[in-house]
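Structure first, then comments.
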Amino acid sequence: MFGAKRGSGRRDMVARRRQSLDDPVMTGAGCGLIEGTLVAGRAGWVPVETLAPGDEVLTFDNGFQPLTALIRDDAWCEDMLLPRVLWPLVVPAGTLDNREPFWVLPHQGVLIECEDVTDAHGDPYAVAPGAALEALPGVVRQQPGGSAAALLPVFAGDEMVFVNHGALLFCPSHWGLREGILPRNGGATSYRMLTVGAASALIEEMLADPDDSAVA
């Protein structure tokens with residue numbers, strides 16, 4: 001469940017969701033798991049940056065799956081001016097069933113559960129960009145300091161990985177193209193990545209209707 005509820009105008013939210021379906025979905029800068037994010041491995045919860053190809057990570061759909069690659073990128077650097085649109089968001093404990101707070105990059109996919117949206121299997125799940133979580137009470141963008149890495153775990157197919165004792169983050173297999181790794185099945189995915197505008201409106205609508213508010 002979301003950690004808090006708040007009301008809003010359903011008509012306006014539905015209209016914004018429809019208007020935003022053509023907004024671009026970012027898949028470059030602002031993706032990946034920020035170093036220090038805990039993932040569930042065979043040995044328990046470990047920082048994502050300590051993983052290596054071949055290590056097995058617990059996934060939402062397929063149990064433990066081996067990494068085929070772990071790509072390292074800069075999330076932000078102390079000598080680089082980071083525009084606000086790329087600032088990370090702080091997600092408090094309990095917001096997404098996570099027992100510990102964590103940072104999420106604005107274009108990193110996060111699994112949400114909602115009866116209004118279905119995936120390729122007809123299950124009530126969708127992928128929201130991290131930036132859309134700003135619609136949740138307590139989630140805020142924060143200007144980062146120093147430097148931090150973004151880690152992109154690559155699997156044979158698209159996977160959702162458990163982070164910080166409960167939340168689920170999307171790891172698309174196409175990340176592997178940077179290492180020359182071709183996605184399995186031509187990159188076909190079971191997950192629908194919403195635009196920021198569509199996901200924000202969906203989350204606000206869920207918060208306005210307690211009977212429809214849940215996350216995986």
| query | Is any side-chain heavy atom of Phe60 less than 4.5 Å from a side-chain heavy atom of Val161? | reply | no

| query | With sequence neighbours left out, what residues match Thr37 under side-chain contact (heavy atoms from CB on, under 4.5 Å)? | reply | Leu33, Ile34, Val48, Val163, Asn164

| Of all heavy-atom pairs between Pro88 and Pro106, which one has the smallest distance, and what is that distance? | CA-CD, 4.4 Å

| query | What residues form a side-chain contact (heavy atoms from CB on, under 4.5 Å) with Leu58, not counting sequence neighbours? | reply | Ala40, Phe64, Phe162

| Do Thr95 side-chain atoms and Pro92 backbone N/O form a donor-acceptor pair below 3.5 Å? | yes

| task | Quick one: closest heavy-atom pair of Cys31 and Leu105, and the distance? | result | O-CD1, 3.3 Å

| query | Residues in salt bridge (Lys or Arg N to Asp or Glu O under 4.0 Å) with Glu179, at least two apart? | reply | none

| query | Do Glu134 and Val140 touch side chain to side chain, with heavy atoms closer than 4.5 Å? | reply | no

| said: For a side-chain contact (heavy atoms from CB on, under 4.5 Å) check, start with the C-alpha distance between Leu194 and Val127, then their side-chain angles and the critical distance, and finish with the verdict. | reply: CA-CA 6 Å; Leu194 299 176; Val127 186; over 6 Å; no

| If two hydrophobic side chains count as joined below 4.5 Å and joins carry through other members, does Ile181 share a cluster with Val57? | no

| So, does Asp55 use its side chain to make a donor-acceptor pair with the main chain of Pro53 at under 3.5 Å? | no

| So do the side chains of Pro66 and Phe155 get within less than 4.5 Å of each other, counting heavy atoms only? | no

| said: One pair to check against side-chain contact (heavy atoms from CB on, under 4.5 Å): Val154 and Leu67. What are the steps and the verdict? | reply: CA-CA 6 Å; Val154 179; Leu67 283 174; 5.8 Å; no

| request: Return each pair, listed once, that meets ring-ring contact (aromatic ring centres under 6.0 Å, His included) where at least one residue sits in residues 34-59; pairs must be two or more places apart or across chains. | output: Trp45-His165

| request: Could I get the full list of side-chain contact (heavy atoms from CB on, under 4.5 Å) partners for Leu182, not counting sequence neighbours? | output: Leu177

| message | Quick test of your reading of the model: are Arg178 and Asp73 salt-bridged, counting only N-O distances below 4.0 Å? | response | yes

| message | Nearest 0.5 angstrom please: His107 NE2 to Met193 CE, how far? | response | 8.5 Å

| query | Which value, rounded to the nearest 0.5 Å, describes the distance between Glu159 atom CD and Gln65 atom CD? | reply | 5.0 Å

| request: For Thr59 and Met160, indicate whether the former's side chain and the latter's backbone hold a donor-acceptor pair under 3.5 Å. | output: no

| task | Kindly say whether Trp76 contributes a backbone atom to a donor-acceptor pair with the side chain of Asp74 at under 3.5 angstrom? | result | no

| remark: Residues passing the side-chain contact (heavy atoms from CB on, under 4.5 Å) test with Val85, sequence neighbours excluded, are Pro83

| Leu96 CG to Phe102 CZ distance, which is reported to the nearest 0.5 Å | 5.0 Å

| remark: CG of Leu86 to CD of Gln143, rounded to nearest 0.5 Å, is 12.0 Å

| said: Using side-chain heavy atoms (C-beta onward) and a distance below 4.5 Å, is Ile71 in contact with Leu151? | reply: no

| message | Working note: Val39 + Val46, criterion side-chain contact (heavy atoms from CB on, under 4.5 Å); need CA distance, chi angles, decisive distance, verdict. | response | CA-CA 6 Å; Val39 298; Val46 298; 4.1 Å; yes

| task | Keeping the roles fixed (side chain from Arg141, backbone from Arg84), state whether a donor-acceptor pair exists under 3.5 Å. | result | yes

| query | Does any non-hydrogen side-chain atom of Val110 lie less than 4.5 Å from one of Val104? | reply | yes

| task | Side-chain contact test, heavy atoms from C-beta onward, threshold under 4.5 Å: evaluate it for Glu35 versus Pro47 and give yes or no. | result | no

| query | Are the side chain of Ser147 and the backbone of Glu78 linked by a donor-acceptor contact shorter than 3.5 Å? | reply | yes

| Which atom of Trp87 lies closest to which atom of Leu82, heavy atoms considered | NE1-O, 3.1 Å

| query | Which atom names give the shortest non-hydrogen contact between Ala135 and Ser200, and what distance separates them? | reply | CB-O, 4.1 Å

| query | Nearest heavy-atom pair of Ala132 and Ile203: which atoms, and what distance? | reply | O-CD1, 3.7 Å

| query | Heavy atoms, side chains only, cut-off 4.5 Å: are Leu70 and Leu152 in contact? | reply | no

| message | Taking Phe170's backbone N and O only, do any of them form a donor-acceptor pair with Gln108's side chain (distance below 3.5 Å, no angle check)? | response | yes

| message | I need the minimum non-hydrogen distance between Pro153 and Trp175, along with the two atoms involved. | response | O-CE3, 3.4 Å

| query | Are any non-hydrogen side-chain atoms of Leu89 and Gln142 less than 4.5 angstrom apart? | reply | no

